[in-house]
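A short write-up of the structure that comes next.
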Amino acid sequence: MTTPTLGLLESAFADVELNAQPAAGAYSLPASMYRDGPIVDIERSTVFARHWQLVGHRSQLSTDGDILMASLGGLDVAITRSEQGLRGFHAVCRHRAGPLEPCRGGGKTFLRCRYHAWAYGLHGQLLSAPEMRGAEGFDETSIRLPEIELAEFEGLIFGRLEPGPASLEDVLTEVAPRLTRAGHALSALRFHERVSYDIDCNWKTYVDNYLEGYHVPHIHPTLNAILDYRSYTTMLSQWHSLQSSPLESAPDAYGSGEALYYFIYPNTMLNILPGRLQTNRVLPLRGNRCRVEFDFFYCEAPLANDREFSDVVQEEDVRICEAVQRNLDSGSYVSGLLNPTRESGVHHFQELLRADYREALRRAKEIRRQA
Ligand code: FES
Ligand SMILES: [Fe+2]
């Protein structure tokens with residue numbers, strides 16, 4: 001991952017207050033951080049490379065030979081399962097950067113490049129490369145896919161590209177006892193389906209919106225009817241936050257119990273209801289475009305109307321996020337005051353971003369000093 005230069009960082013952060021903001025009186029990050037431009041590459045190396053991101057669930061890799069494709073901050077990765085356990089690799093062909101995809105042949109699974117059919121094994125090693133024998137210096141045994149680090153929590157598999165500031169265990173501290181208390185066993189769930197949405201907004205616009213229930217009464221009338229807005233709480237931990245609300249019992253809805261909405265910095269969301277987990281991964285595409293992948297997991301059969309209900313709420317969120325993004329791009333707005341109680345999750349997220357931006361500057365200054 002290339003490190004952004006000091007000059008690039010100083011100009012990108014010219015109008016950003018990088019110092020930590022006390023919760024009461026905090027202002028949102030300025031609009032310039034949400035537009036297309038150098039911030040996309042800066043965040044790729046500063047935010048996405050160093051932090052744990054969800055790549056999948058054990059139930060998607062139930063047998064040796066299974067391969068799961070995912071994306072880590074703009075990099076396609078492949079998670080493989082073999083007798084050696086789970087391993088993760090860059091899914092970028094070492095020939096001329098072609099895309100790799102899972103393939104089956106001769107009773108084995110492997111990764112094959114769609115471009116010129118080079119093939120790689122479950123341990124990342126090159127297996128074959130058509131018609132390459134005559135190339136001077138070609139040494140099949142020296143070609144491997146770069147590996148990524150993986151870690152697992154309650155059946156959820158996370159990956160990261162570089163060593164970062166915290167272990168997955170530290171990031172998710174307090175989550176396991178909370179799940180146990182509420183009777184949720186995430187590792188027992190099975191993958192059901194994926195729905196992807198490409199949205200015309202910066203990835204942070206979508207995350208900010210996820211992190212507050214302030215908009216629920218105004219944007220989500222149906223959701224508001226089943227959540228108890230008055231009891232809606234946000235709890236902050238170092239690397240994650242939790243929004244929760246008792247479910248108002250209602251026919252056709254989710255019954256009684258508690259809705260838990262975990263956000264794990266920088267882009268993972270776990271939406272947990274009795275017998276159901278929906279994960280969201282927010283993937284930056286460009287400065288003003290992102291993809292959100294929804295994966296649905298259930299204990300047994302899918303909950304009735306779960307997908308239809310999720311689609312309605314998501315549609316409402318997409319419309320408001322795209323409207324906000326148009327306004328962020330309009331030049332009319334710079335930054336605004338956050339609500340200290342209803343937007344504490346947004347503040348928490350933006351403080352983690354500020355810390356990463358400061359870290360990027362610190363590293364660039366160190367490099368400048370050593371040059
Ligand atoms: S780029 Fe992969 S085989 Fe050519
Ligand atoms: Fe929403």
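Indexing begins at 1, ligand by ligand and atom by atom, following the structure's order.
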Tell me which N, O or S atom of H215 sits nearest to the Fe ion (ligand 2). NE2
Which atom, counting only N, O or S, brings D317 closest to the Fe ion (ligand 2)? OD1
Shell check on atom 4 (Fe) of ligand 1: protein N, O or S atoms less than 2.8 Å away are H95 ND1, H116 ND1
Identified side-chain hydrogen bond (donor to acceptor under 3.5 Å, both in side chains) partner of R319 from the options E316, E322, E315: E315
Which side-chain N or O atoms in residues 16-38 pair as donor and acceptor under 3.5 Å with protein atoms at least two apart or in another chain?
residue	atom	partner	partner atom	Å
E17	OE2	N19	N	2.9
E17	OE2	N19	ND2	3.2
Q21	OE1	Y27	N	3.2
S28	OG	Y333	OH	3.1
S28	OG	G336	N	3.0
S28	OG	G336	O	3.4
S32	OG	D15	OD1	2.8
S32	OG	D15	OD2	3.3
Y34	OH	D208	OD2	2.6
Y34	OH	Q350	NE2	3.0
R35	NE	L328	O	3.1
R35	NH2	L328	O	3.3
D36	OD1	G287	N	2.7

Centroid-centroid under 6.0 Å between F153 and F158 rings: no
In a table with atom names and distances, give each donor-acceptor pair under 3.5 Å that connects a side chain of residues 234-245 to protein atoms at least two apart or in another chain.
residue	atom	partner	partner atom	Å
H240	ND1	V171	O	2.9
Q243	OE1	Y232	OH	2.9
Q243	NE2	Y210	O	2.9
S244	OG	T233	OG1	3.1
S245	OG	D228	N	3.2

For this output row, return yes or no: ring centroids of H51 and Y265 closer than 6.0 angstrom. yes
Once the angle between the rings of F191 and F297 is folded into 0 to 90°, is it parallel (under 30°), tilted (30 to 60°) or perpendicular (over 60°)? perpendicular
State which residues pass side-chain contact (heavy atoms from CB on, under 4.5 Å) with H123; sequence neighbours excluded, sorted by chain then number. S82, E83, Q84, R87, Q125, R144
